[in-house]
There are 2 protein chains.
Amino acid sequence: MEEKLVENQPSRTTSERILDAAEDLFAAAGYSATSLADVADVVGIRTPSLYNHFRNKEALYGAVLDRLIVSFSSPLEELEQNQLTYEQVFEWLEKTVRQHHANPNLARLLQHAALSGGPHTDELIDRLFRPMFNSSQAIEGGGTPLLGDTDLQPWAVMAFNNLVMSYVTMAPMYSDVLGQDPFGEPALERQLKLIKMLLRAVFEYKGG
Amino acid sequence: MEEKLVENQPSRTTSERILDAAEDLFAAAGYSATSLADVADVVGIRTPSLYNHFRNKEALYGAVLDRLIVSFSSPLEELEQNQLTYEQVFEWLEKTVRQHHANPNLARLLQHAALSGGPHTDELIDRLFRPMFNSSQAIEGGGTPLLGDTDLQPWAVMAFNNLVMSYVTMAPMYSDVLGQDPFGEPALERQLKLIKMLLRAVFEYKGG
DNA sequence: GTTAATGACTAATAGGCGTTAGTATAACCC
DNA sequence: GGGTTATACTAACGCCTATTAGTCATTAAC
């Protein structure tokens with residue numbers, strides 16, 4: 001792709017700095033409530049200069065989404081090959097939690113898209129959600145259904161995914177009431193502890 | 001539950017119809033991405049006519065929030081008086097799920113506020129989230145901590161609340177992949193089944 | 001050393017935004 | 001019936017929006 005011999009932090013290209021700024025702003029306010037003037041302001045250039053790097057606002061948004069999707073879909077891809085085991089689901093869940101914790105922007109962008117639509121929403125579903133449910137069917141095929149009720153299973157997949165993402169998207173609402181930074185290390189460990197506990201409880205639960 | 005003497009559709013005041021329209025639109029797009037022109041359009045009047053009923057955009061938004069908060073805080077108020085039991089938590093959860101299912105707009109508005117801020121956000125936290133954690137402390141005081149680890153308890157409260165709300169806010173992302181309307185009656189029953197199962201599993205779970 | 005391309009800039013467009021002022025019409029009170 | 005109130009309207013404002021055109025300096029190619 002591009003060869004950069006020196007460290008990339010000060011030498012980030014303008015396009016990358018635009019993408020970084022746009023990602024944060026789109027994630028915070030959503031597509032239509034984010035103005036190109038805001039983006040340009042963060043980067044430190046004038047608004048029309050953005051058009052030297054991206055065709056228009058929608059293309060910039062698309063580029064932001066694409067970069068995020070690529071960086072987030074690797075844990076699931078590793079899974080999709082083989083048959084799924086209990087431990088693999090555990091691992092995938094932990095990886096996903098840590099990933100969303102490290103960069104909350106994809107969850108935020110997804111939440112905005114789910115609420116308000118906006119460009120590329122269908123593509124978003126296809127590339128992020130559809131594969132998740134293909135994998136979940138693989139568990140079913142394995143012989144041991146995740147739950148007592150098998151047709152509850154996709155709902156469980158949805159629930160756990162929502163759990164991970166809503167932690168990120170709702171965090172500001174709880175940070176006061178929990179008395180600590182939701183994106184700090186201790187909070188991450190507590191969240192992991194809880195979600196693993198929930199998953200184990202679900203696996204161990206049989207009818208009733 | 002509610003007594004409707006006459007059919008309320010034609011006899012609603014203009015202010016109420018504005019509130020209805022604004023609620024849907026704010027819930028869908030958030031505060032800043034919703035225009036007063038959109039609201040007026042749905043109601044069927046011209047934009048400046050809105051100012052005969054509400055001081056400005058922010059006041060309209062505030063009125064929408066207030067109406068929703070009032071109608072949603074009753075299940076929790078019933079709980080706060082007495083000591084909390086397992087069955088009461090169960091009941092509260094079911095009530096809350098049904099309520100958000102019947103009107104998803106509060107969850108959507110909350111999600112927008114958590115992501116993007118906007119007016120009245122602090123008030124929103126105080127009136128909706130703070131009471132929930134006061135109640136949860138009452139369980140702790142009761143002698144039987146909800147979880148093996150007691151300082152995990154507010155995190156569990158947050159998790160279950162997120163579970164209920166994210167179902168509503170993320171529903172459009174899953175409706176295709178689940179193959180049914182997320183706000184239909186069968187979907188509601190499945191969601192209830194799953195969430196009750198999760199709660200029971202948490203209650204029964206002891207260490208490990 | 002000229003040429004070509006890159007990427008910043010200013011200026012300007014058309015349309016949408018929230019909001020205000022002023023006006024007209026219908027329904028009420030006494 | 002005259003006066004008051006409520007509620008709709010049109011016209012207009014200043015600001016913000018995405019986008020385009022055109023200009024100029026720096027950089028890379030041959």
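All values reported here derive from a predicted model rather than from experimental measurement. Here is the naming used below: chain letters follow the sequence lines, and residue numbers restart at 1 for every chain.
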- Message: Would you say the ring centers of A:F129 and A:F133 fall short of 6.0 Å from each other?
- Response: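 Here the rings of A:F133 and A:F129 have centres that are no less than 6.0 Å from each other.
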- Between A:H112 and A:Y31, ring centroids under 6.0 Å: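 No, ring centres 6.0 Å or more apart.
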Closest nucleotide among [options] to the [X] side chain:
X     : options                : value
A:Y51 : D:dA18, C:dT10, C:dT19 : D:dA18
A:N56 : D:dA18, D:dT19, C:dC9  : D:dT19
A:S35 : D:dA18, C:dT19, C:dT10 : D:dA18
A:P48 : C:dT19, D:dT20, C:dC17 : D:dT20
B:N52 : D:dA18, C:dT10, D:dA8  : D:dA8
B:I45 : D:dT20, D:dA8, C:dG18  : D:dA8

- Looking at B:D24 and B:R108, does any basic side-chain N land under 4.0 Å from a carboxylate oxygen? no
- Task: Indicate yes or no: does A:E189 engage A:K193 in a salt bridge with an N to O separation below 4.0 Å.
- Result: no
Does [X] make a side-chain N or O approach to OP1 or OP2 of [N] shorter than 4.0 Å?
X     : N      : answer
B:R46 : D:dT10 : yes
A:H53 : C:dA8  : yes
A:S49 : C:dG7  : no

Atom [atom1] of [X] to atom [atom2] of [N]: distance rounded to whole Å?
X     : N      : atom1 : atom2 : value
B:L50 : C:dT19 : CG    : P     : 10 Å
B:K57 : D:dC15 : NZ    : P     : 18 Å
B:I18 : D:dT7  : CD1   : C1'   : 10 Å
B:F54 : C:dG18 : CZ    : P     : 15 Å
A:E58 : D:dT17 : CD    : P     : 19 Å

- Message: Students often get this wrong, so: under 4.0 angstrom with heavy atoms, is B:T34 touching a base, only sugar-phosphate, or nothing?
- Response: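 If one applies the 4.0 Å heavy-atom cut-off, B:T34 turns out to touch the sugar-phosphate alone, with no base involved.
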- Message: Any base atoms under 4.0 Å from A:T14, or only sugar-phosphate, or nothing? Heavy atoms, all strands.
- Response: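 Here A:T14 touches the backbone only, sparing every base.
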- Classify the angle between the aromatic ring planes of A:H100 and A:F72 as parallel (below 30°), tilted (30 to 60°) or perpendicular (above 60°). tilted
- Message: Which is more 5' along DNA chain D, the nucleotide nearest A:D38 or the one nearest A:R55? Just name the residue.
- Response: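 The 5'-side residue here is A:D38.
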